[in-house]
Amino acid sequence: MKRVVVTGMGAITPIGNSVETFWNSLKENKVGIGLLDRFDNSAYKVKLAAQVKDFDPLATMEAKEAKRMELFSQYAVAASAEAIADAGLDLEKEDLTRIGVSVGCGIGSLQILETAHTKLVDRGPGRVPPLLVPLMISNMAAGNVGIHFGLKGKCINVVTACATGTHSIGEAFRGIQCGDMDVCVAGGTEAAICPIGIAGFGALTALSTATDPLRGSLPFDKDRSGFVMGEGAGVVILESYEHAAARGAKILAEVGGYGATCDAYHITSPAEDGEGAARAMTLAITEGGLTPADVAYVNAHGTGTHHNDLYETRAIKKAFGKDAYQLNVNSTKSMTGHMLGAAGAVEFIVCVKTIQEGFIHATAGFRSAEEEMDLNYTPQAVKRQVRAAVTNSLGFGGHNGSLLVKKFED
């Protein structure tokens, strides 16, 4: 099996529209949550969201192209452009049939569906936009990335709810390992901050109804009351080691292992004992040839819902045993909100940066947890050398994904 390395990264997030800005914001403990202002939410209990700010699609694409993409696709293309540039990939010199795309989206465009449904009801079927379907469907993030950059290798869209970004990178890793492609543009994207998106997750009682932006997203804290909806995209460039070495690429980290499991338990709740998530972590660590004692850091799914954080804590203890108490565990969602299909990809980027810089960001807003939740949830940022990290994502439907990120060594 081929070794797989990370050579480039790109991000659009509520706390920065580049990897550098995003990472610096995490180091500064900057919370990207604020009052929801995309629409009139006076009738909604949910008042907060983690919105992307100052995003300009025309910085990446022509106006005509942008009009044929919904926001989730625009985010994906913009993050991919940064990642490709960061990797130093000269597409004119590459075999584009050997470069794939694995960029997932959990939902697609709810916004165009809202607009089209209003036109259907008010003015009849003849007024439904002709591009409704290609604007709406979630695979168009991957499709538009492939079209924009002319990438002709395997092009897939993984849809596993909040585990989408992690599974997308994991499946890209697998494809390169077995030789399906040499390079893959991989990650996740989401843009679902709109009336039906907030109403739907709100009806599920999954969203926080807090009004203080600093007390909205509180992963692992005893006062947690649900997640805050976020949006954005995270994209990384994965390559076989041979391909990266041959072109003299800078190597940021290595993907050591990938675990994907199903709880087979409930459509929204993780398994109470954490067995499925624990097994995903164990699979990733074992594939990387490591033991739990070799891992210093877990970037948790950490949504800020009561069940997720409790059951994920149980999963970490099950996977790591006594070594769980030597870990730093944190949640990037404390600052970005929950970016749904983009979350796992953005959090993978955090793991790479953590390994590069020896810096573990704080879980913003964390004060204390209930008795059973007794891990080190990193209330304050710490400097610590990390040679291996695990990132977790858990999606509605019982989808579990874990990736092992390792410091690259020849």
Could you give the distance from [atom1] ([X]) to [atom2] ([Y]), rounded to the nearest 0.5 Å?
| X | Y | atom1 | atom2 | value |
| --- | --- | --- | --- | --- |
| Leu48 | Leu214 | CG | CG | 9.5 Å |
| Ile237 | Asp86 | CD1 | CG | 8.5 Å |
| Asp37 | Ile193 | CG | CD1 | 9.5 Å |
| Ile251 | Lys407 | CD1 | NZ | 12.0 Å |
| Asn299 | Thr354 | CG | OG1 | 7.5 Å |
| His148 | Ser80 | NE2 | OG | 9.0 Å |

Would you mind checking if [Y] and [X] are paired as a salt bridge, meaning a charged N to carboxylate O distance below 4.0 Å?
| X | Y | answer |
| --- | --- | --- |
| Arg3 | Glu254 | yes |
| Arg174 | Glu287 | yes |
| Asp374 | Lys317 | yes |
| Glu275 | Arg314 | no |
| Asp309 | Arg224 | yes |
| Arg38 | Glu231 | yes |

Verify, without hydrogens or angle tests, whether [X] (side chain) and [Y] (backbone) share a donor-acceptor contact under 3.5 angstrom.
| X | Y | result |
| --- | --- | --- |
| Ser25 | Thr21 | yes |
| Lys30 | Ile15 | no |
| Thr363 | Ser331 | yes |
| Asp180 | Ile176 | no |
| Arg384 | Ala296 | yes |
| Ser109 | Ile112 | yes |

Legend entry - Which residues share a ring pair (Phe, Tyr, Trp, His ring centres under 6.0 Å) with His266, sequence neighbours left out: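 Testing His266 for ring pair (Phe, Tyr, Trp, His ring centres under 6.0 Å), a comparison that skips the adjacent residues, returns none.
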Legend entry - Listed partners of Phe396 passing ring pair (Phe, Tyr, Trp, His ring centres under 6.0 Å), at least two apart: none
Compare every heavy atom of [Y] with every heavy atom of [X], then report the nearest pair and how far apart it is.
| X | Y | result |
| --- | --- | --- |
| Pro219 | Thr303 | CG-C, 4.5 Å |
| Cys105 | Ser138 | O-CB, 3.5 Å |
| Pro14 | Ala50 | CG-O, 3.4 Å |
| Ala342 | Gly232 | CB-O, 3.3 Å |

Are any of the side-chain heavy atoms of [X] and [Y] separated by less than 4.5 Å?
| X | Y | answer |
| --- | --- | --- |
| Met181 | Ile99 | no |
| Arg279 | Thr282 | no |
| Phe22 | Val350 | yes |
| Glu171 | Cys184 | no |
| Met9 | Val235 | no |
| His167 | His399 | yes |
| Met69 | Met140 | no |
| Thr164 | Leu340 | no |

Test salt bridge (charged side-chain N to carboxylate O under 4.0 Å, His left out) applied to [X] - qualifying residues, sequence neighbours left out:
| X | answer |
| --- | --- |
| Lys406 | none |
| Lys383 | none |
| Asp40 | none |

Legend entry - Thr378 side chain to His361 side chain, donor-acceptor N/O pair below 3.5 angstrom: no
Legend entry - Evaluation steps, side-chain contact (heavy atoms from CB on, under 4.5 Å), between Leu252 and Phe408: CA-CA 7 Å; Leu252 308 178; Phe408 173 73; over 6 Å; no
Tell me, please, which residues at least two apart from [X] pass side chain to side chain donor-acceptor pair (under 3.5 Å).
| X | value |
| --- | --- |
| Thr286 | none |
| Asp221 | none |
| Asn41 | none |

Pairs satisfying side chain to side chain donor-acceptor pair (under 3.5 Å), at least one member in [range], at least two apart:
| range | answer |
| --- | --- |
| residues 182-200 | Arg98-Asp182 |
| residues 112-137 | none |
| residues 192-210 | Ser208-Ser225 |

Inset, instruction - Kindly indicate, with the supporting measurements, whether the criterion side-chain hydrogen bond (donor to acceptor under 3.5 Å, both in side chains) is fulfilled by Glu239 and Thr7. - result: CA-CA 7 Å; Glu239 299 186 47; Thr7 58; 2.7 Å; yes
Inset, instruction - Could you please spell out the steps behind the side-chain contact (heavy atoms from CB on, under 4.5 Å) verdict for Thr313 and Tyr377? - result: CA-CA 10 Å; Thr313 293; Tyr377 300 113; 2.8 Å; yes
Inset, instruction - Dump the intermediate steps for side-chain hydrogen bond (donor to acceptor under 3.5 Å, both in side chains) on Asp54 and Asn17, then the final yes or no. - result: CA-CA 8 Å; Asp54 303 320; Asn17 295 338; over 6 Å; no
Inset, instruction - Please report the C-alpha distance between Leu403 and Ile169 in whole Å, then the side-chain angles of each, then the deciding distance to 0.1 Å, and finally whether the side-chain contact (heavy atoms from CB on, under 4.5 Å) criterion is met. - result: CA-CA 8 Å; Leu403 289 162; Ile169 294 173; 3.8 Å; yes
Inset, instruction - Applying side-chain contact (heavy atoms from CB on, under 4.5 Å) between Val382 and each of Asn330, Asn376, Ile360, report the one that passes. - result: Ile360
Inset, instruction - Return each pair, listed once, that meets ring pair (Phe, Tyr, Trp, His ring centres under 6.0 Å) where at least one residue sits in residues 64-102; pairs must be two or more places apart or across chains. - result: Phe55-Tyr75
Inset, instruction - Begin from the C-alpha positions of His243 and Lys2 and carry the test side-chain contact (heavy atoms from CB on, under 4.5 Å) through to its verdict. - result: CA-CA 10 Å; His243 185 276; Lys2 295 178 182 293; over 6 Å; no
Legend entry - Lys333 to Phe227 six-membered ring, cation-pi geometry met (6.0 Å, 45°):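 Not satisfied by the 6.0 Å and 45° rule.
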